[in-house]
Amino acid sequence: MNLTLPPSGTLVGLGCDIMETGRIHAALKKHGDRFLNQVFTAEEQAYCNALKFPYKHYAVRWAAKEAVLKAFTTGVGPHLEWVSVSVYHGERQRPLVRLDSKAEALLAHVGATHVWLTLSHVDTVAMAVAALVKQV
């Protein structure tokens, strides 16, 4: 098997988050589309809604967004919104991050060029780790 590894780089920011899947399930039941549209992009909603237990996949995306926001050290606010960060899948289902223009500008401002992401979830919890990296 021939795998291409990403080039090395400098770590600029690191974030981690863990989320109980039941909390997202409850938010979906209570707030429905209002919650979905505030937090998740249309691309993320289409992906999650096509799966057997959407709330588990929404939970891991919530954790990913939180991890990225922590890596930026901004949280949700004037610099970034929930939908500024979107999770999608690349080759071999590798999780990738798509940033909106505000997040792209902030990425450049902090001196990073890429966001690396890893995700995991089981029935009750979801977690994510995000790294802002300046690749050489």
Side-chain angles (χ1 to χ4, degrees):
M1 179 188 312
N2 186 11
L3 293 177
T4 303
L5 297 175
S8 63
T10 303
L11 181 65
V12 175
L14 185 64
C16 176
D17 194 65
I18 188 166
M19 170 55 70
E20 295 171 288
T21 59
R23 287 182 62 195
I24 297 298
H25 196 203
L28 289 168
K29 286 182 176 181
K30 184 174 182 179
H31 303 291
D33 285 344
R34 188 172 140 246
F35 170 70
L36 287 177
N37 294 328
Q38 183 178 3
V39 178
F40 302 101
T41 64
E43 178 182 31
E44 290 173 312
Q45 290 180 46
Y47 176 82
C48 294
N49 288 338
L51 299 169
K52 186 172 182 179
F53 299 105
Y55 68 94
K56 293 179 188 179
H57 302 277
Y58 281 123
V60 80
R61 277 156 183 74
W62 174 283
K65 291 167 185 277
E66 281 280 0
V68 171
L69 294 170
K70 288 175 181 178
F72 274 119
T73 69
T74 61
V76 172
H79 299 290
L80 296 173
E81 302 171 37
W82 287 112
V83 292
S84 294
V85 177
S86 179
V87 177
Y88 69 102
H89 293 284
E91 293 179 28
R92 302 181 319 276
Q93 293 298 301
R94 176 175 68 134
L96 298 171
V97 174
R98 189 179 330 275
L99 301 174
D100 71 4
S101 59
K102 288 172 68 172
E104 283 286 348
L106 187 57
L107 187 72
H109 178 75
V110 301
T113 57
H114 291 80
V115 179
W116 296 111
L117 183 66
T118 185
L119 308 173
S120 188
H121 62 86
V122 293
D123 284 341
T124 58
V125 292
M127 63 83 56
V129 176
L132 305 183
V133 177
K134 180 178 182 179
Q135 289 187 319
V136 290

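Every heavy atom of this structure was used, including side-chain atoms; hydrogens, water molecules and symmetry mates were not. By convention here, the first residue in the shown sequence is residue 1.
The minimum heavy-atom distance between L119 and P95, with the atom names listed, is CD1-CB, 3.6 Å. Nearest heavy-atom pair, A130 versus A71, reported as atom, atom and distance to 0.1 Å: O-CB, 4.0 Å. Contact record, G111 with V12: O-CG2, 3.9 Å, taken as the closest heavy-atom pair. The two residues P54 and C48 make their nearest non-hydrogen contact at CB-O, 3.3 Å. Taking every heavy atom of both residues into account, A59 and A126 meet most closely at C-CB, 3.7 Å.
The backbone N or O of T41 lies less than 3.5 Å from a partner atom in the side chain of E44, making a donor-acceptor pair. No side-chain donor-acceptor contact under 3.5 Å links S86 to the backbone of L99.
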Run the side-chain donor-acceptor check on residues 77-85: report pairs under 3.5 Å with partners two or more places apart or on a different chain.
| from | atom 1 | to | atom 2 | distance (Å) |
| --- | --- | --- | --- | --- |
| S84 | OG | E81 | N | 2.9 |
| S84 | OG | E81 | O | 3.3 |
| S84 | OG | D100 | OD2 | 2.9 |

Give every donor-acceptor pair under 3.5 Å between a side-chain atom in residues 14-32 and any protein atom, sequence neighbours left out.
| from | atom 1 | to | atom 2 | distance (Å) |
| --- | --- | --- | --- | --- |
| D17 | OD1 | K70 | NZ | 2.9 |
| T21 | OG1 | D123 | O | 2.6 |
| T21 | OG1 | T124 | O | 3.3 |

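Between atom OG1 of residue T10 and atom NZ of residue K134 there is a gap of 7.0 Å, rounded to the nearest 0.5 Å. Here NE2 of H89 is found 9.5 Å from CD of E43. Values are rounded to the nearest 0.5 Å. To the nearest 0.5 angstrom, T118 atom OG1 is 11.0 Å from R94 atom CZ. Once rounded to the nearest 0.5 Å, the distance linking CD of E104 with NE2 of H109 reads 15.0 Å. One finds the CG atom of L117 at 9.5 Å from the CZ atom of R61 (value rounded to the nearest 0.5 Å). Rounded to the nearest 0.5 Å, atoms NE2 (H121) and CZ (F53) are 11.5 Å apart.
With sequence neighbours left out, the side-chain contact (heavy atoms from CB on, under 4.5 Å) criterion links H114 to W116, Q135.
One hydrophobic cluster, built from ILVMFWY side chains closer than 4.5 Å, cannot hold both W62 and V122; they sit in different ones. A continuous path of hydrophobic side-chain contacts links V76 to V110 [ILVMFWY only; heavy atoms under 4.5 Å]. Note on V39: it clusters hydrophobically with L36, by side-chain heavy-atom contacts below 4.5 Å among ILVMFWY residues. Linking ILVMFWY side-chain heavy atoms closer than 4.5 Å, directly or via other members, places Y55 and V87 in a single hydrophobic cluster. A single hydrophobic cluster is not seen to contain both V68 and M127; linkage of ILVMFWY side chains at heavy-atom distances under 4.5 Å, directly or through other members, places them apart.
Proximity of the aromatic rings of Y58 and F40 is defined here by a centroid distance below 6.0 angstrom, and this criterion is met.
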Could you walk me through whether T74 and L106 pass the side-chain contact (heavy atoms from CB on, under 4.5 Å) test, one step at a time?
-> CA-CA 10 Å; T74 61; L106 187 57; 3.6 Å; yes

L107 and V115: CA distance, side-chain angles, deciding distance, side-chain contact (heavy atoms from CB on, under 4.5 Å) verdict = CA-CA 9 Å; L107 187 72; V115 179; 4.0 Å; yes

